[in-house]
K.L.:
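Input: one structure, supplied below.
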Amino acid sequence: MKNTLNSKISNWHERMEYKEFKNKHSGEKVIVCGLGRSLLDLKNPQDYTIIGVNDISRQFTPNYLVVLNDKTTFLAERWKWIESTKCETIFTHLKHLAIPDEKKVVLQLGKYGGHDIDKEQIDYTSNSPYVGCIIAAYMGFTKIGILGVDFTKNHFFKETGEHSLARRVPTINKEYMLLHQRMKEKGIELVNLSEQSVLTIPKISLDNF
């Protein structure tokens with residue numbers, strides 16, 4: 001009985017390896033959501049495939065969740081939304097993140113500030129939606145819209161003041177522009193669905209996405 005149980009657990013973890021998500025959504029479209037105010041513009045999240053970050057589940061449950069910070073970096077009020085999320089697939093590079101192992105897909109980080117979208121090691125930068133976009137490309141999505149990636153004042157759930165990365169916006173904008181160009185070369189469309197976002201990658205409305 002014990003060996004059977006261990007076998008089941010082993011098989012489950014094998015299914016949750018990152019490489020198993022390669023081209024899982026080939027040719028589809030996805031919205032990668034941050035936690036900016038423009039997230040409130042999404043009135044029908046159930047109509048889209050969504051990759052969200054951190055405590056987005058206080059608004060709706062995404063199809064996939066990206067969590068790149070440890071529990072200790074979140075206020076308790078925010079962490080409770082992460083640990084109680086109904087999302088069944090959570091991407092993180094933190095092997096010991098305090099979430100159920102059966103939900104966890106452990107990532108290997110690649111180059112900081114990089115924009116390679118083909119390898120199993122995830123290039124990353126200072127914000128989680130960037131990683132969400134690279135994961136989306138790896139999964140085969142060919143139309144990727146970002147929403148709530150505004151870098152303006154306040155999160156969608158309350159007034160939290162100036163964005164903690166506001167001073168890095170010029171660098172962040174350059175990173176997204178390079179990622180946009182890289183994706184374009186690969187036949188992937190990366191667009192900004194937020195009118196208020198300070199990022200300058202091409203913008204289209206949600207209605208036209």
K.L.:
Determine whether Ile51 and Asn63 make a side-chain contact, defined as any pair of heavy atoms from C-beta on separated by less than 4.5 Å.
P.N.:
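The answer is no; the side chains never approach within 4.5 Å.
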K.L.:
Who pairs with Lys95 by side chain to side chain contact (heavy atoms under 4.5 Å, CB included), at least two apart in sequence or on another chain?
P.N.:
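Side chain to side chain contact (heavy atoms under 4.5 Å, CB included) check on Lys95 returns Val106.
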K.L.:
Using the salt bridge (Lys or Arg N to Asp or Glu O under 4.0 Å) criterion, which residues pair with Arg37? Sequence neighbours excluded.
P.N.:
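If we apply the salt bridge (Lys or Arg N to Asp or Glu O under 4.0 Å) test to Arg37, skipping adjacent residues, there are no hits.
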K.L.:
Which pair of heavy atoms, one from Gly114 and one from Ile134, lies closest together, and at what distance?
P.N.:
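The answer is O-CD1, 4.4 Å.
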K.L.:
I want to check something: taking the side chain as every heavy atom from C-beta on, are Leu39 and Ile56 in contact at a cut-off of under 4.5 Å?
P.N.:
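They are in side-chain contact.
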K.L.:
For Asp123 and Lys111, indicate whether the former's side chain and the latter's backbone hold a donor-acceptor pair under 3.5 Å.
P.N.:
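The answer is yes, because a donor-acceptor pair under 3.5 Å joins these two groups.
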K.L.:
Answer yes or no: is there a side-chain heavy-atom contact under 4.5 Å between Lys104 and Phe91?
P.N.:
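Heavy-atom side-chain distance check fails, nothing below 4.5 Å.
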K.L.:
For residues Lys71 and Ala98, report the shortest heavy-atom separation together with the two atoms involved.
P.N.:
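Distance-wise, the nearest heavy atoms are CD-CB, 4.3 Å.
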K.L.:
Phe21 vs Val105, test: side chain to side chain contact (heavy atoms under 4.5 Å, CB included). Steps then yes/no.
P.N.:
CA-CA 10 Å; Phe21 291 84; Val105 181; 3.8 Å; yes
K.L.:
Hey, does Arg58 have a side-chain heavy atom less than 4.5 Å from the side chain of Glu77?
P.N.:
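Glu77 reaches Arg58 side chain to side chain.
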K.L.:
Nearest 0.5 Å, what's the OG1-CZ distance between Thr73 and Arg78?
P.N.:
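Taking OG1 in Thr73 and CZ in Arg78, the distance rounds to 8.5 Å.
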K.L.:
Okay, side chain of Thr85, backbone of Ile82: is any donor-acceptor separation there less than 3.5 Å?
P.N.:
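Not at all, since once roles are kept as given, no pair shorter than 3.5 Å links the two residues.
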K.L.:
Side-chain heavy atoms under 4.5 angstrom apart, residues restricted to Ile, Leu, Val, Met, Phe, Trp, Tyr: same cluster for Val191 and Phe141?
P.N.:
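Per the 4.5 Å side-chain linkage, Val191 and Phe141 are co-clustered.
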K.L.:
Looking at Asp150 and Ser38, would you say the former's side chain and the latter's main chain have a donor-acceptor pair under 3.5 Å?
P.N.:
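Checking the backbone N and O of Ser38 against the side chain of Asp150, a donor-acceptor pair under 3.5 Å is found.
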K.L.:
Would Val30 and Tyr48 satisfy side chain to side chain contact (heavy atoms under 4.5 Å, CB included), going step by step from the backbone distance to the final call?
P.N.:
CA-CA 7 Å; Val30 65; Tyr48 300 93; over 6 Å; no
K.L.:
Measure from the side-chain N and O atoms of Ser197 to the backbone N and O of Leu199, and report whether any donor-acceptor pair falls under 3.5 Å.
P.N.:
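Yes, because the side chain of Ser197 sits within donor-acceptor range (under 3.5 Å) of the backbone of Leu199.
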K.L.:
Please check if the number of heavy atoms outside Lys184 that lie under 6.0 Å from its NZ is greater than 12.
P.N.:
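For Lys184, atom NZ is not crowded (no more than 12 foreign heavy atoms under 6.0 Å).
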K.L.:
When rounded to the nearest 0.5 angstrom, what is the spacing between CG in Leu68 and OG1 in Thr125?
P.N.:
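Reported to 0.5 Å precision, the distance equals 11.0 Å.
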K.L.:
Do the side-chain N and O atoms of Tyr176 and His115 include a donor-acceptor pair separated by under 3.5 angstrom?
P.N.:
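Checked: Tyr176/His115 side chains show no N/O donor-acceptor pair below 3.5 Å.
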K.L.:
Of all the heavy-atom pairs spanning Glu175 and Gly113, show the shortest one and how long it is.
P.N.:
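So the minimum-distance heavy-atom pair works out to OE2-CA, 4.3 Å.
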K.L.:
Answer yes or no: is there a donor N or O on one side and an acceptor on the other, between the side chain of Lys203 and the main chain of Glu195, under 3.5 Å?
P.N.:
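Present.
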K.L.:
Heavy-atom distance under 4.5 Å between the side chains of Ile201 and Met177, does that happen here?
P.N.:
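The answer is yes; the side chains approach within 4.5 Å.
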K.L.:
Check whether any side-chain N or O of Lys29 sits under 3.5 Å from a backbone N or O of Phe209 as a donor-acceptor pair, and report yes or no.
P.N.:
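Checked: pair present.
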K.L.:
Look up atom CD1 in Ile90 and atom CD1 in Ile99, then write down how far apart they are to the nearest 0.5 Å.
P.N.:
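That separation rounds to 3.5 Å.
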K.L.:
Give, for atom CE of Met139 and atom CD1 of Ile144, the distance between the pair rounded to the nearest 0.5 Å.
P.N.:
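Met139 atom CE to Ile144 atom CD1 measures 9.0 Å (nearest 0.5 Å).
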K.L.:
Nearest heavy-atom pair of Ile135 and Ile122: which atoms, and what distance?
P.N.:
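Smallest interatomic distance, heavy atoms only, reads CG1-CD1, 4.4 Å.
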K.L.:
Under a 3.5 Å distance rule, please check whether His25 uses its side chain to pair with a backbone N or O of Gly140 as donor and acceptor.
P.N.:
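Answer holds: no.
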K.L.:
Within the 4.5 Å heavy-atom criterion, are Ser126 and Tyr112 side-chain neighbours or not?
P.N.:
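They are in side-chain contact.
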K.L.:
Which heavy-atom pair separates Phe74 from Asn54 by the least distance, and what is that distance?
P.N.:
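It is CZ-OD1, 3.5 Å.
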K.L.:
Let me confirm one number: the CG-CG distance from Asn69 to Leu94, rounded to the nearest 0.5 Å.
P.N.:
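Between Asn69 CG and Leu94 CG, I get 7.5 Å after rounding to 0.5 Å.
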K.L.:
Decide side chain to side chain contact (heavy atoms under 4.5 Å, CB included) for Tyr18 and Gln108; before the verdict, give the C-alpha distance in whole Å, the side-chain angles of both, and the deciding distance to 0.1 Å.
P.N.:
CA-CA 9 Å; Tyr18 183 62; Gln108 292 184 356; over 6 Å; no
K.L.:
Tell me yes or no: between the side chains of Asp116 and Tyr138, is some donor less than 3.5 Å from an acceptor?
P.N.:
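Their side chains do not contain a donor-acceptor pair, so the 3.5 Å distance test is not met.
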K.L.:
Does any N or O in the side chain of Ser84 come within less than 3.5 Å of the main-chain N or O of Lys80, such that one atom is a donor and the other an acceptor?
P.N.:
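Pair found, side chain donor or acceptor close to backbone of Lys80.
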K.L.:
Among the clusters formed by ILVMFWY side chains lying less than 4.5 Å apart, do Val67 and Trp81 turn up in the same one?
P.N.:
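Different hydrophobic clusters.
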K.L.:
Is there a chain of hydrophobic side chains (I, L, V, M, F, W, Y, each step under 4.5 Å between heavy atoms) that links Val169 to Leu190?
P.N.:
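Looking at the clustering, Leu190 is in the same group as Val169.
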K.L.:
Would you sort out whether Leu206 and Ile31 count as a side chain to side chain contact (heavy atoms under 4.5 Å, CB included), showing the intermediate values?
P.N.:
CA-CA 10 Å; Leu206 265 169; Ile31 299 179; 4.0 Å; yes
K.L.:
Looking only at non-hydrogen atoms, find the nearest pair between Ile50 and Cys33 and report the distance.
P.N.:
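Smallest interatomic distance, heavy atoms only, reads CG2-SG, 3.8 Å.
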K.L.:
Distance check, rounded to the nearest 0.5 Å: Arg168 atom CZ versus Asn173 atom CG?
P.N.:
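Here the interatomic distance stands at 11.5 Å.
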K.L.:
Answer yes or no: is there a side-chain heavy-atom contact under 4.5 Å between Glu28 and Thr142?
P.N.:
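Sidechains of Thr142 and Glu28: no contact.
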K.L.:
Indicate whether the side chain of Ser205 and that of Asn208 have a donor and an acceptor atom separated by less than 3.5 Å.
P.N.:
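Yes, because at least one side-chain N or O of Ser205 sits under 3.5 Å from a partner of the opposite role on Asn208.
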K.L.:
Counting C-beta onward and ignoring hydrogens, is there a side-chain heavy-atom pair between Val149 and Tyr130 closer than 4.5 Å?
P.N.:
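No, their side chains stay 4.5 Å or more apart.
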K.L.:
Do you reckon Ile117 sits in the same ILVMFWY cluster as Leu178, going by side-chain contacts under 4.5 Å, direct or chained?
P.N.:
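No, Ile117 does not connect to Leu178 through the hydrophobic network.
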K.L.:
Keeping the roles fixed (side chain from Thr61, backbone from Cys87), state whether a donor-acceptor pair exists under 3.5 Å.
P.N.:
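Not confirmed, Thr61 side chain does not pair with Cys87 backbone.
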K.L.:
Taking only residues two or more places apart in sequence, or in another chain, which ones meet Glu185 in a side chain to side chain contact (heavy atoms under 4.5 Å, CB included)?
P.N.:
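In terms of side chain to side chain contact (heavy atoms under 4.5 Å, CB included), with neighbours along the sequence ignored, Glu185 is linked to Gln181, Arg182.
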K.L.:
Counting only N and O atoms by type, is there a donor-acceptor contact under 3.5 Å from the side chain of Lys186 to the main-chain atoms of Ala137?
P.N.:
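The answer is no, because no donor-acceptor pair under 3.5 Å joins these two groups.
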